[in-house]
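Residues: numbered from 1 along the sequence shown.
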Amino acid sequence: MRQVIVVGVHVKIAVVGGGPAGLYFSVLMKRQDPAHDITVYERNPEGSTYGWGVTYWAGLLDQLRAGDPESAAVVAAASVTWTDGLAIVRDERTVHRGGAGFGIGRRAVLGLLADRARELGVRVEYEHPVAGPEAPELADADLVVAADGVHSALREAHADHFGSTFTAGRNRYIWLGTTKVFDSFSFAFKETDHGWIWCYAYGFSGERSTCVVECSPETWSGLGLDTLGEAAGLALLEKVFHDLLDGHPLIGRGQADDAARWLTFRTLTNRVWHRGNLVLLGDAAHTTHYSIGAGTTLALEDALALAAALRAHPDRETALTAYGKERRSALVPAQSAARLSAQWYENLPRYMRLEPARMFALLGQRHSPLLPYVPPQLYYRLDRAAESLEPLRRLKRWLGPRVARAVHGRG
């Protein structure tokens with residue numbers, strides 16, 4: 001029997017995972033109908049999140065204002081803004097003029113959204129893990145939202161149904177913080193005896209910035225980062241990126257075992273996004289490579305789309321099907337950009353023979369499907385010419401996907 005979710009009728013919703021997507025979805029549903037009985041279950045203690053800062057762009061604020069002006073206002077007030085981009089290549093600095101971006105501490109945004117949810121009547125229960133779909137907390141819920149991240153226990157219990165696929169990246173990376181406050185989105189690319197290592201850095205408050213360090217597995221092991229503990233590894237990285245950090249320290253997780261949390265990125269996709277009354281949200285449904293800075297934005301857009309689908313379609317099955325179809329389609333450009341961005345960094349030496357300003361220009365073009373198949377110097381000249389020649393610009397947009405398909409087809 002199909003379940004109907006009608007505005008104005010008491011509906012019980014269980015959200016598993018107190019990240020941005022789960023909390024924001026609970027806010028949106030309470031705004032749609034205060035009669036909804038909503039509980040968010042988060043396995044970690046309140047305020048214990050790790051992740052330093054997250055990034056977003058102005059378009060997200062417009063969407064948040066449409067969904068809930070109150071939470072949009074507090075998120076905007078707690079954010080910092082930067083313009084332009086800075087790159088240090090070996091020891092040479094270059095600046096790229098660009099639009100404004102925003103940073104906010106992950107702990108801050110979670111606290112703000114949790115406060116807003118509780119203000120509207122949502123129960124937010126911390127230190128309350130939910131073991132799986134058969135957990136008693138979910139037994140009488142009309143809708144169960146799996147917002148429990150990339151390692152979602154709810155999704156994994158039905159992985160065959162969802163068609164979950166993971167694709168592992170090649171490079172190693174680590175999330176760090178620093179007391180250096182960056183007023184631009186900054187990069188540093190350093191050549192070592194064992195290959196290139198680089199850092200992305202951006203401010204997220206008046207006291208802290210995020211630093212993501214990345215390198216190939218050969219550079220990682222060649223520098224000894226595969227065997228160094230966190231403290232020794234941070235000391236080494238501080239020396240490598242001394243001119244970017246201006247004497248400020250890098251900050252790790254400070255675990256008791258001194259383990260350095262180097263990772264390889266795993267891209268997650270799912271063939272379908274719901275099963276009965278269970279629906280996937282945020283990182284439980286998809287991941288996109290961190291180098292495009294879209295993870296939090298895409299998670300919040302999931303929440304907006306799911307709430308809108310439930311409002312538009314009283315029949316639950318119809319609503320959840322429409323939500324999954326819409327979001328899978330909307331994600332295609334972001335997933336393509338993320339894949340190309342990750343590949344650009346995995347093939348970084350290809351671009352490092354360019355002078356720094358040209359390399360930085362191609363860094364901004366890393367989402368182009370044509371770039372991997374054209375010599376970098378030639379691509380740079382074509383790109384500059386296309387800025388003033390509309391026919392060449394149209395040819396470039398038309399040619400990129402076709403070249404990529406032809407090459408992959410031969411492979």
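With a 6.0 Å cutoff to the six-membered ring centre and a 45° limit on the axis angle, R172 counts as a cation-pi contact of W220.
Judged purely by distance below 3.5 Å, without hydrogens or angles, the side chains of H194 and T219 never pair a donor atom with an acceptor atom. For the residue pair D283/H151, the side-chain donor-acceptor check at 3.5 Å is not satisfied. The closest side-chain donor-acceptor pair between H248 and E238, if any, does not fall under 3.5 angstrom. Between the side chains of Y173 and T264, not a single donor N or O lies within less than 3.5 Å of an accepting N or O. Between the side chains of Y126 and S48, no donor-acceptor pair of N or O atoms lies under 3.5 Å. Side-chain atoms of N171 and S216 include no donor-acceptor pair closer than 3.5 Å. In the model, E214 has a side-chain atom that pairs as donor or acceptor with a side-chain atom of Y200 under 3.5 Å.
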Inset, instruction - Dump the intermediate steps for ring pair (Phe, Tyr, Trp, His ring centres under 6.0 Å) on Y323 and W273, then the final yes or no. - result: CA-CA 8 Å; Y323 156 71; W273 283 25; 5.6 Å; yes

Inset, instruction - List the steps, then state whether ring pair (Phe, Tyr, Trp, His ring centres under 6.0 Å) holds for F102 with F204. - result: CA-CA 8 Å; F102 301 87; F204 65 83; over 10 Å; no

Inset, instruction - Dump the intermediate steps for side chain to side chain contact (heavy atoms under 4.5 Å, CB included) on L300 and Q63, then the final yes or no. - result: CA-CA 9 Å; L300 293 173; Q63 295 180 76; over 6 Å; no

Inset, instruction - Apply side chain to side chain contact (heavy atoms under 4.5 Å, CB included) to V145 and L143, showing your working. - result: CA-CA 6 Å; V145 180; L143 180 68; 4.1 Å; yes

Inset, instruction - Evaluate the side chain to side chain contact (heavy atoms under 4.5 Å, CB included) criterion for residues F189 and L348: first the C-alpha distance (whole Å), next the side-chain angles of each, then the deciding distance (0.1 Å), finally the verdict. - result: CA-CA 10 Å; F189 299 87; L348 183 80; 3.8 Å; yes

Inset, instruction - Report the C-alpha separation of R208 and V181 in whole Å, then their side-chain angles, then the decisive distance to 0.1 Å, and conclude whether the side chain to side chain contact (heavy atoms under 4.5 Å, CB included) test is met. - result: CA-CA 6 Å; R208 293 285 190 274; V181 179; over 6 Å; no

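Annotation for H96: atom NE2 does not count as buried by contact number, only 12 or fewer foreign heavy atoms lying within 6.0 Å. Other residues, nucleotides and ligands place no more than 12 heavy atoms under 6.0 Å from the CG atom of D193. Heavy atoms from other residues, nucleotides or ligands lying under 6.0 Å from CG of D183 number 12 at most.
Side-chain rings of W344 and H367 stay apart, their centers remaining 6.0 Å or farther from each other. Ring pair F265/Y290: centre-to-centre distance below 6.0 Å. Aromatic ring centres of F360 and F187: separated by under 6.0 Å.
With a 4.5 Å cut-off on side-chain heavy atoms, W262 and D226 do not count as touching. Annotation: side chain of D68 is not in contact with side chain of L64 (no heavy-atom distance under 4.5 Å). The closest side-chain heavy-atom distance from D148 to E42 is not below 4.5 Å. Between S164 and L268 the shortest side-chain heavy-atom distance falls below 4.5 Å. Contact check for T267 versus T288: no side-chain heavy atoms found under the 4.5 Å cut-off. L280 places none of its side-chain heavy atoms less than 4.5 Å from the side chain of H274. For the pair I13 and S26, the minimum side-chain heavy-atom distance is 4.5 Å or more. Contact annotation: the side chain of T287 never approaches that of R266 to less than 4.5 Å [non-hydrogen atoms, C-beta and beyond].
S329 places no side-chain N or O within donor-acceptor distance of the main-chain N or O of K325, the cut-off being under 3.5 Å. In this structure a side-chain-to-backbone donor-acceptor pair under 3.5 Å is present from R271 to D160. Distance alone, capped at 3.5 Å, places no donor-acceptor pair between the T178 side chain and the L250 backbone. Using modelled atom types, no side-chain atom of N347 and backbone atom of R350 make a donor-acceptor pair closer than 3.5 Å. Not a single donor-acceptor pair under 3.5 Å links the side chain of R358 to the backbone N or O of Y380. Side-chain atoms of D246 do not come within 3.5 Å of backbone N or O of K180 as any donor-acceptor pair. With S209 contributing its side chain and F182 its backbone, the two residues share a donor-acceptor pair below 3.5 Å. A donor-acceptor contact shorter than 3.5 Å links the side chain of E230 to the backbone of R253. Proximity of a side-chain donor or acceptor of R43 to a complementary backbone N or O of G18 within less than 3.5 Å is not detected.
Just one residue in the list N270, V150, D302 forms a side-chain contact (heavy atoms from CB on, under 4.5 Å) with H286, and that residue is D302. Remark: of the listed residues I38, V40, T39, T39 is the sole one forming a side-chain contact (heavy atoms from CB on, under 4.5 Å) with R123.
Taking the six-membered ring for Trp and thresholds of 30 and 60 degrees, Y345 and W198 have nearly parallel ring planes, at less than 30 degrees apart. Using cut-offs of 30° and 60° for the angle between ring planes, the Y202 and W82 rings count as tilted. Relative ring orientation between H158 and F162 is described as perpendicular, the plane-to-plane angle rising above 60° on a 0-90° scale split at 30° and 60°.
Atom CG of L362 is separated from atom CE of M352 by 11.0 Å, given to the nearest 0.5 angstrom. Taken to the nearest 0.5 Å, the OH atom of Y56 stands 5.5 Å off from the CD1 atom of I104. Taken from CZ in F25 to NZ in K30, the straight-line distance is 12.5 Å, to the nearest 0.5 Å. Here the straight-line distance linking atom OH of Y24 with atom CG of L304 works out to 4.5 Å at 0.5 Å rounding. The CD1 atom of I174 lies 9.5 Å from the CZ atom of R261; values are rounded to the nearest 0.5 Å. Distance SG/C199 to CG/L237: 8.5 Å, rounded to 0.5 Å.
A salt bridge is defined here as a Lys NZ or Arg NE, NH1 or NH2 lying under 4.0 Å from an Asp or Glu carboxylate O, and E218 with R170 meets this definition. Here D115 pairs with R118 in a salt bridge; the nearest charged N to carboxylate O distance falls below 4.0 Å. Salt bridge status for R116 with E70: present, with a side-chain N to carboxylate O gap under 4.0 Å. With salt bridges taken as basic N to acidic carboxylate O contacts below 4.0 Å, one links R327 and E301. Between K190 and D243, at least one side-chain N (NZ, or NE/NH1/NH2) sits under 4.0 Å from a carboxylate O, which counts as a salt bridge. In this structure, R90 pairs ionically with E191, as a charged nitrogen and a carboxylate oxygen lie closer than 4.0 Å.
Taking both residues in full, the closest heavy atoms of L298 and A334 are given as CD1-CB, 4.1 Å, listed atom of the first, atom of the second, then distance.
With sequence neighbours excluded, the residues that form a side-chain hydrogen bond (donor to acceptor under 3.5 Å, both in side chains) with S341 are S291, R366.
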